[in-house]
Amino acid sequence: MSAYVKIDVKLTDEESIKEALKALDLPFEEFEIAEPLVDYRGQRRSQTRANIIVRRRHLSRLSNDMGFEKMPDGTWQAHVSDYDMPPRSTIWPRIKQEYAAAVNTRAARKKGYHVTRVNEADGKIKLKVTGYR
Amino acid sequence: MKKIEIIIDTDGNVEAEAFGFKGCGCTEELNVFAEALGEKVEVKKKGDYFAKETEQVKVGWNK
């Protein structure tokens, strides 16, 4: 049995979501009108829709599609199956990590600062922001 | 040199620390990143905050 979990993490930036998926080599599809996600049995779930979708074939054998749904307030709701959550998988925490890196990098560059990224040996990402006056 | 270091752990939790800023001047700069994450921020000033002109702030997802 596979279920979707609604994620409370506040995703606010569409481009950073896409950058996070690209950083992890996860192909995605985009839809202006939210599309139903497909579960691990191949069945469309009409009640669970998303505008950015990572198809289950790019995840694990028991995964549902993973989706990001644009909400009326402009934020994004993630729909992630429990097979893509710890302890079964680290993919969702890694997406959150890459999203945070992307959104912070974009925020710094928007202000004209310079950002250097270092991937630490323990898996952490360090961003060094310089260029302050 | 003024700089901010942001550490993002493998669970997506974020910590940011500012170096070389005078007094509370770095709070505004740190808030840039907190606002980008859409999170409420708890500022933790170090004991030597005024002497060393540094400030630390934790932001992000602690779930």
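Fair warning: this is a prediction, and the values are worked out from it, not measured in the lab. Just so it is clear: chains get the letters A, B, ... in the order the sequence lines come, proteins before strands, and each one is counted from 1.
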Sub-4.5 Å side-chain heavy-atom contact between Val32(B) and Lys111(A): yes
Distance from Lys3(B) atom NZ to Thr116(A) atom OG1, nearest 0.5 Å? 10.0 Å
Residue Arg106(A) excluded, over 12 heavy atoms near CZ under 6.0 Å: yes
Out of curiosity, Asp9(B) CG to Glu120(A) CD, how far, rounded to the nearest 0.5 Å? 12.0 Å
Criterion side chain to side chain contact (heavy atoms under 4.5 Å, CB included) on Glu29(B) and Tyr113(A), from CA distance to verdict: CA-CA 11 Å; Glu29(B) 296 296 344; Tyr113(A) 303 140; 3.1 Å; yes
Are Ile7(B) and Ile125(A) side-chain neighbours, meaning at least one heavy-atom pair lies under 4.5 Å? no
Say you draw a straight line from CD1 of Ile4(B) to OH of Tyr132(A); how long is it, rounded to the nearest 0.5 Å? 3.0 Å
Would one find more than 12 heavy atoms of other residues, nucleotides or ligands at under 6.0 Å from atom NZ of Lys2(B)? yes
Closest non-hydrogen atoms of Ala36(B) and Asn104(A), given as atom of the first, atom of the second and distance, are CB-OD1, 4.4 Å
Option that, when pairs with chain B are counted at under 4.5 Å, heavy atom only, ranks first among Ser16(A), Ala108(A), Pro93(A): Pro93(A)
Test Lys126(A) against Ile6(B) for side chain to side chain contact (heavy atoms under 4.5 Å, CB included), laying out the working first. CA-CA 6 Å; Lys126(A) 180 186 280 186; Ile6(B) 300 166; over 6 Å; no
Heavy-atom cut-off 4.5 Å, strictly under: side chain, backbone, both or neither for Arg133(A) against chain B? backbone
Residues that Thr10(B) engages under side chain to side chain donor-acceptor pair (under 3.5 Å), provided they are two or more places apart: none
For residues Phe33(B) and Val118(A): do they belong to one hydrophobic cluster (side chain heavy atoms under 4.5 Å, members Ile, Leu, Val, Met, Phe, Trp, Tyr)? no
Let me confirm one number: the CG-NZ distance from Asp11(B) to Lys96(A), rounded to the nearest 0.5 Å. 6.0 Å
Decide if atom CD of Glu15(A) counts as having more than 12 heavy atoms of other residues, nucleotides or ligands within a radius under 6.0 Å. yes
Quick check on Lys110(A) against chain B: is it the side chain, the backbone, both or neither that has a heavy atom closer than 4.5 Å? neither
Treating Glu5(B) as the side-chain partner and Val129(A) as the backbone partner, does any N or O pair qualify as donor plus acceptor under 3.5 Å? no
Side chains of Met1(B) and Thr130(A) in contact at under 4.5 Å (non-hydrogen atoms): yes
